[in-house]
Amino acid sequence: MAFFTHHISRSFSSSAARSVVIKNVTIIGGGQMGAGIAQVAASTGHTVTLVDMSEDILKKSVKGIEGSLKRVAKKKFAEKPEAGEEFIQKVLQNVSTATDPAAAAPTSDLVLEAIVENLKVKQDLFGRLDKLAPAHTIFASNTSSLPITDIASSTSRQDRFGGLHFFNPVPMMKLVEVIATPATSQETFDSLLNFSKALGKAPVSCKDTPGFIVNRLLVPYMMEALRLHERGHGSKEDIDVAMKLGAGYPMGPFELSDYVGLDTMKFIIDGWSEKDPDNPLFAPSELLNKLVAEGKLGKKTGEGFYKYK
Ligand SMILES: CCCCCCCC(=O)CC(=O)SCCNC(=O)CCNC(=O)[C@H](O)C(C)(C)COP(=O)(O)OP(=O)(O)OC[C@H]1O[C@@H](n2cnc3c(N)ncnc32)[C@H](O)[C@@H]1OP(=O)(O)O
Ligand SMILES: NC(=O)C1=CN([C@@H]2O[C@H](COP(=O)(O)OP(=O)(O)OC[C@H]3O[C@@H](n4cnc5c(N)ncnc54)[C@H](O)[C@@H]3O)[C@@H](O)[C@H]2O)C=CC1
């Protein structure tokens, strides 16, 4: 139970000189979150290097950004399609891509990671980048569920390390959770907060506790929806309709699960139930495990709880 009762008292390190104005950003992971963050950062005048493991993945990421920008432009420049096209091209010029994070780290004010939800993989990445990035560079993770402190422990810049948690779809969702660990300096926290505002987002301040604010409430709700269905107490369609029309949610829990990605959901719940096995809120779901084992990861693979092809 220590996992959830652990009290964090924040202290500010004095080793980071002053808050950094973030202009050059490296985003690692060009999946649904990394691409969305890259799009919003580039749209607000930041220079972005998007990093992923292969050229093919990066091509798909940039195509996704272009598709999303078209949707934004269609609304924003409804009366002036040429201005919309110009906007798209200008934003895309702010985005370059690389398969090696070392390529951009030396010129980055911020390295923001949005790769797979796995502690060891994130630690390896940041441990390597710590040796390449200049002293002023801030590191941040978009993790949904892992302690920022644990990810930061692979680096020697824990005062310049925080959490920046965005929401899916990034171009539409206004919130960013800005997470300070007990070691995060006030200057780093301010830099991340100002960066979130510069992206046009509404930041909230969070402690480094499991799930921060949103996911500490959202994950138990989503998992209980799955278990309710597994108990035979409602079809997934009825549960989705019920939560949309009865609680005013834009998506039902099964639609949202497919949207988030069932692999990410499983990473989150497996991690939490391992740390807090007696907590019924984090009990696993057979159905979720089965779908992930079958490679049905939701919208991104064409099938999850529902079919998209
Ligand atoms: C157990 C683990 C569980 C926890 C997992 C944790 C994951 C995390 O760490 C944190 C998270 O992100 S949790 C997910 C949070 N996101 C949500 O809850 C999204 C819920 N859905 C919505 O808000 C709307 O359905 C949504 C905004 C998506 C769409 O809006 P509508 O429902 O109003 O749909 P439409 O009426 O069709 O409007 C669509 C119009 O919105 C624009 N748009 C949507 N997606 C876009 C995108 N990706 N890029 C750019 N524009 C976009 C667009 O204008 C669109 O119009 P069309 O282009 O004409 O379709
Ligand atoms: N899906 C969601 O709704 C949300 C997810 N998150 C978090 O954001 C992170 C990414 O999630 P998604 O974008 O949904 O995942 P995703 O599966 O769409 O994308 C992850 C990307 O990271 C790349 N990648 C994996 N390991 C890498 C490495 N070592 N170096 C470079 N690239 C690597 C993959 O090739 C993939 O393109 C996770 O930590 C997740 O918990 C946070 C908020 C919402």
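Computed over heavy atoms, backbone and side chain alike; hydrogens, waters and symmetry mates excluded. First listed ligand is number 1; within each ligand, the first listed atom is number 1. The first residue of the sequence shown is numbered 1, and numbering continues consecutively from there.
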Review point. Any protein heavy atom sitting closer than 4.0 Å to atom 43 (N) of ligand 1?
Key: yes

Review point. If you measure every N/O of E117 against every N/O of ligand 2, is any gap under 3.5 Å?
Key: yes

Practice item. Examine the proximity of ligand 1 to N215 and report which part, side chain or backbone, both or neither, has a heavy atom under 4.0 Å away. Key: side chain

Check your understanding: Cation over ring, R157 on F139, under 6.0 Å and within 45°?
Key -> yes

Exercise for review: Closest by any non-hydrogen atom to atom 30 (N) of ligand 2: pick that one out of M53, K300, R128, K60.
Suggested key: M53

Practice item. Can you sort out which atoms of ligand 2 are near G29, meaning under 4.0 Å from one of its heavy atoms? Key: 22 (O)

Point to revise | Lys/Arg N to Asp/Glu carboxylate O, E224 vs R231, below 4.0 Å | key: yes

Exercise for review: Please work out which of G298, A114, G34 has its closest non-hydrogen atom nearest to atom 20 (C) of ligand 2.
Suggested key: A114

Practice item. Classify the contact between N142 and ligand 2 as side chain, backbone, both or neither, using a heavy-atom distance cut-off of under 4.0 Å. Key: both

Revision key, fill the gap. Residue, atom and distance of the protein heavy atom nearest atom 60 (O) of ligand 1 read R71 NH2, 3.2 Å

Practice item. Using a strict 4.0 Å cut-off to heavy atoms of M265, name the atoms of ligand 1 that fall inside it. Key: 1 (C), 2 (C), 3 (C)

Review point. In terms of residue, atom name and distance, what is the protein heavy atom nearest to atom 19 (O) of ligand 2?
Key: G31 CA, 3.2 Å

Revision key, fill the gap. M222 heavy atoms within 4.0 Å reach ligand 1 at atoms 3 (C)

**Study point:** atom 23 (O) of ligand 1 protein-contacted, heavy-atom criterion under 4.0 angstrom
**Key:** yes

Check your understanding: Looking at atom 54 (O) of ligand 1, would you say a protein heavy atom lies below 4.0 Å from it?
Key -> yes

Exercise for review: Could you say whether the N/O atoms of M33 and ligand 2 ever approach to under 3.5 Å?
Suggested key: yes

Study note, to complete from the structure: When distances are taken from atom 12 (O) of ligand 1, the protein heavy atom at minimum range is N168 N, 2.9 Å

Revision key, fill the gap. Within the 4.0 Å heavy-atom cut-off, what V260 brings close to ligand 1 is side chain

Point to revise | Numbered atoms of ligand 1 (with element) below 4.0 Å of M251, judged on heavy atoms | key: 20 (C), 21 (N), 25 (O), 28 (C)

Point to revise | Salt bridge flag under 4.0 Å for residues K236 and E255 | key: no

Study note, to complete from the structure: Within the 4.0 Å heavy-atom cut-off, what L256 brings close to ligand 1 is side chain

Exercise for review: Just jot down the ligand 2 atoms closer than 4.0 angstrom to any heavy atom of I57, in number order.
Suggested key: 35 (O), 37 (O)

**Study point:** The one among T264, I115, V260, V116 that brings a heavy atom closest to atom 38 (C) of ligand 2
**Key:** I115

Practice item. Would you verify that at least one protein heavy atom lies under 4.0 Å from atom 15 (C) of ligand 1, or report that none does? Key: yes

Review point. Given the rule that I, L, V, M, F, W and Y join up when any side-chain heavy atoms are under 4.5 Å apart, are L218 and I179 in one cluster?
Key: no

Review point. Is there at least one pair of N or O atoms, one from S68 and one from ligand 1, spaced under 3.5 Å apart?
Key: yes

Review point. Can you list the atoms of ligand 1 that are under 4.0 Å from a heavy atom of P250?
Key: 20 (C), 21 (N), 22 (C), 23 (O), 24 (C), 25 (O)

Review point. Would D52 and K59 pass as an ion pair if we require N to O under 4.0 Å?
Key: no

Review point. Just distances here: any N/O of T143 and N/O of ligand 2 closer than 3.5 Å?
Key: no

Review point. Once the angle between the rings of F77 and F87 is folded into 0 to 90°, is it parallel (under 30°), tilted (30 to 60°) or perpendicular (over 60°)?
Key: tilted

Point to revise | Flag: protein heavy atom within less than 4.0 Å of atom 26 (C) of ligand 1 | key: no

Review point. So, for atom 36 (O) of ligand 1, does the protein have a heavy atom nearer than 4.0 Å?
Key: no

Revision key, fill the gap. So for I28 against ligand 2, with non-hydrogen atoms under 4.0 Å, the contacting part is side chain

Practice item. Is it possible for you to check whether K207 lies under 6.0 Å from the centre of the six-membered ring of F212, through NZ or CZ, and within 45° of that ring's axis? Key: no

Check your understanding: Is the shortest distance from a heavy atom of K74 to ligand 1 less than 4.0 Å?
Key -> yes

Review point. Is the shortest distance from atom 32 (O) of ligand 1 to a protein heavy atom below 4.0 Å?
Key: no

**Study point:** K120 bridged to D124 by N-O distance under 4.0 Å
**Key:** yes

Check your understanding: For ligand 2, which atoms, with element, lie under 4.0 Å from some heavy atom of H165?
Key -> 42 (C), 43 (C)

Study note, to complete from the structure: Numbered in order shown, the ligand 1 atoms found under 4.0 Å of a heavy atom of F167 are 10 (C), 11 (C), 12 (O)

Review point. Is there a heavy atom of L218 sitting under 4.0 angstrom from any atom of ligand 1?
Key: yes

Check your understanding: Is a salt bridge present between K290 and E294, judged by a nitrogen-to-oxygen distance below 4.0 Å?
Key -> yes

Point to revise | Check: Y259 ring centre within less than 6.0 Å of Y308 ring centre | key: no

**Study point:** N or O contact, Q32 vs ligand 2, cut-off under 3.5 Å
**Key:** yes

Point to revise | K122/E113 ion pair, N-O < 4.0 Å | key: yes

Point to revise | Atom of G30, atom of A35 and distance for their closest heavy-atom approach | key: O-CB, 3.9 Å

Review point. What residue and atom, counting heavy atoms only, is the protein's closest point to atom 35 (O) of ligand 2, and at what distance?
Key: D52 OD1, 2.7 Å

Point to revise | Close N or O approach (S144, ligand 2; < 3.5 Å) | key: yes

Exercise for review: Indicate yes or no: does an N/O atom of Q39 lie under 3.5 Å from an N/O atom of ligand 1?
Suggested key: no

Point to revise | Within the 6.0 Å centroid threshold, strictly below: F254 and H229 | key: yes

Point to revise | ligand 1 contact by M33, heavy-atom criterion under 4.0 angstrom | key: no

